[in-house]
There are 2 protein chains.
Amino acid sequence: MTAQREPISRRERPAKPALTRRGIIDTAVRIMRSEGLEKVTMRRLAQELDTGPSSLYVYVANTAELHAAVLDALLGEVDLAAGGAGAVADWRHQLIAVLTSYTRVLFEHPQLARSALVARPSGENYLILVERVLSLLSRSGAPQEQVAWGIDLLLQYATATAAEHGTQKSSPGLQDDWKALTRAAHAVDEATHPMIKAHMPALLAGPAEHRLSWGFNVLINGIIHTPLPYAAR
Amino acid sequence: MTAQREPISRRERPAKPALTRRGIIDTAVRIMRSEGLEKVTMRRLAQELDTGPSSLYVYVANTAELHAAVLDALLGEVDLAAGGAGAVADWRHQLIAVLTSYTRVLFEHPQLARSALVARPSGENYLILVERVLSLLSRSGAPQEQVAWGIDLLLQYATATAAEHGTQKSSPGLQDDWKALTRAAHAVDEATHPMIKAHMPALLAGPAEHRLSWGFNVLINGIIHTPLPYAAR
DNA sequence: ACCTGAACACCGTTCAAGT
DNA sequence: ACCTGAACACCGTTCAAGT
């Protein structure tokens with residue numbers, strides 16, 4: 001009786017595909033899209049691939065490396081030609097459009113943005129993005145070292161903003177934090193926190209897209225007009 | 001025989017102190033200082049307080065809230081008078097000094113910085129810091145709405161930098177990531193990534209303190225000189 | 001009201017043993 | 001070389017039951 005079971009189940013799941021790094025990461029991306037990065041665990045991934053968690057360690061060093069690979073896969077979706085192509089177009093407009101596209105991609109997966117802040121990405125798609133941002137910012141005519149250091153600021157701002165404000169099944173706890181901050185800021189005592197009181201509506205208000213693009217412009221203007229410290233030149 | 005044990009151990013641990021929110025958070029801070037935030041778990045904390053994990057939920061909503069409370073406790077260490085006090089002193093110098101002090105505090109606890117990026121802090125000490133930064137930046141003479149929006153940029157930059165580069169028993173994986181990025185950037189193909197090649201030494205080089213204070217200056221200059229988008233005013 | 005034990009439903013990573 | 005089972009050493013959170 002039970003002896004018949006095995007051949008049948010072999011026919012049903014006949015070709016358990018061989019493990020490859022590629023296949024592992026593709027599966028990880030699929031799980032992330034459908035259930036979020038928090039479900040992309042070694043154990044869950046192994047289950048999905050019909051093996052034990054220990055098997056994955058042949059192809060992936062640890063969970064952090066796995067998440068980094070997932071991030072780079074996702075960066076393939078950034079629109080590098082955003083804002084219109086060609087040298088005719090306004091470099092600033094293009095630069096902000098590309099950075100906004102990058103932010104938008106991470107916005108859907110804030111947990112991935114958080115992991116990008118911790119473990120510096122160094123994948124293929126990340127390097128392509130850096131190359132593109134460098135070439136656009138260079139067209140500002142700013143000194144080369146300011147451009148070099150400025151890239152980090154721009155990408156860090158975009159990444160941190162996605163990590164902070166990203167949507168996606170955000171655990172209800174996050175909205176609570178925002179509420180708590182809003183409440184705390186409004187409830188503040190005029191005598192001890194006069195500046196907060198005075199700046200209060202603007203401090204927390206404003207549409208996210210406006211704040212994001214204003215931030216990009218702040219950085220771009222600052223990068224162009226702020227020379228490196230003497231000691232670093 | 002065993003009956004004698006109990007009274008003895010009662011005398012050794014006589015007054016198991018009553019649980020309070022205060023006591024829980026103080027213990028959490030102590031564990032973090034000696035072993036890092038990753039050890040500040042509900043279970044470990046309960047063990048330290050000689051109780052079960054479920055008891056803590058009377059005083060603390062969840063792990064995220066616990067970490068937020070630990071963060072605010074730590075923010076008491078920020079030197080709000082850094083850079084010299086008084087209206088005589090240069091506001092920019094003072095502002096950068098306060099922000100650097102904030103960054104330094106978080107630098108010792110990068111995991112806390114990470115949690116600050118995710119769960120907006122709203123504690124007492126955080127509000128005091130915001131108040132101080134607001135009052136310093138106001139002295140720049142920049143329009144009030146630019147100051148209001150700019151605060152976020154400055155604090156986010158400081159927090160993200162601490163989260164990224166923070167030291168502290170940093171899991172050896174992080175240095176590996178930096179090495180990987182450095183290697184990847186150096187190994188890049190001139191034909192496909194000419195801009196990276198051209199900017200390469202500066203892209204990753206430079207002492208952390210110089211980059212940090214340059215970043216603050218970039219933001220300050222940008223905030224002062226970048227008007228809000230028309231639609232947001 | 002506060003505290004507890006026990007359970008539920010998970011984690012990452014290692015390692016000896018197999019093929 | 002690759003894969004596996006089993007183990008080690010943990011997690012957060014809930015909930016019925018006790019005081």
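Numbered from 1 within each chain, the chains take letters A, B, ... in sequence-line order. Just so it is clear, the model here is predicted, and its values are computed rather than measured.
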Is there a donor-acceptor pair under 3.5 Å between the side chain of A:Arg211 and the backbone N or O of A:Ala205?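 Side chain of A:Arg211 to backbone of A:Ala205: a pair is present.
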
A:His165 side chain vs A:Thr161 backbone, donor-acceptor pair below 3.5 Å: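 No, the answer is negative, given that no donor and acceptor are paired below the 3.5 Å cut-off.
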
Distance-only donor-acceptor check, side chains A:Tyr157 and A:Thr103, under 3.5 Å: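 No, because no side-chain N or O of A:Tyr157 sits under 3.5 Å from a partner of the opposite role on A:Thr103.
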
Look at A:Thr51 and D:dC3 and indicate whether a side-chain polar atom (N or O) is within less than 4.0 Å of OP1 or OP2.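 No, because none of the side-chain N or O atoms of A:Thr51 sits under 4.0 Å from OP1 or OP2 of D:dC3.
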
Does OP1 or OP2 of C:dC3 have a side-chain N or O of B:Tyr59 closer than 4.0 Å?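 For B:Tyr59, the contact criterion (side-chain N or O under 4.0 Å from OP1 or OP2 of C:dC3) is met.
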
Scan A:Asp26, A:Leu112, A:Ile31, A:Leu75 and name whichever one has a side-chain contact (heavy atoms from CB on, under 4.5 Å) with A:Val70.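 The passing option is A:Leu112.
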
Sole residue of A:Thr51, A:Leu56, A:Val58 in side-chain contact (heavy atoms from CB on, under 4.5 Å) with A:Ile24: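 Filter result, single survivor: A:Leu56.
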
Kindly point out which of [options] is positioned nearest to the side chain of [X]?
X	options	answer
B:Leu19	C:dC3, D:dC11, D:dG12	C:dC3
B:Tyr57	D:dC11, D:dG12, C:dG12	D:dG12
B:Thr41	D:dT13, C:dC11, D:dC11	D:dC11
B:Arg43	C:dA7, C:dC3, C:dG12	C:dA7

Quantified in whole Å, what is the P atom distance between nucleotide C:dC8 and nucleotide D:dC10?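 About 22 Å, rounded to a whole number of Å.
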
When the C1' atoms of C:dA16 and D:dC3 are compared, how many Å lie between them, rounded to an integer?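 It works out to 13 Å between them.
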
Whole-Å distance between D:dC10 C1' and A:Met42 CE?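 Whole-Å distance recorded here is 17 Å.
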
Using atom CG of A:Asp50 as one end and atom P of D:dG5 as the other, report the distance to the nearest whole Å.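 Atom CG in A:Asp50 sits about 10 Å away from atom P in D:dG5.
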
Pairs under 3.5 Å (Watson-Crick or G-U), crossing ones as [ ], inter-strand ones as |: DNA chain D comes out as ||.|||||...|||||.||

Salt bridge check: are A:Glu48 and A:Lys39 linked by an N-O gap of less than 4.0 Å?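 Judged by the 4.0 Å cut-off on N to carboxylate O distance, A:Glu48 and A:Lys39 do not form a salt bridge.
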
Under 4.0 Å, counting only non-hydrogen atoms across every strand here, what does A:Ser54 touch: a base, just sugar-phosphate, or nothing?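 The residue A:Ser54 makes base contact.
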
May I ask you to say what B:Ser55 touches in the nucleic acid, namely base, sugar-phosphate or nothing, with a heavy-atom cut-off under 4.0 Å?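 B:Ser55: base contact, heavy atoms under 4.0 Å.
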
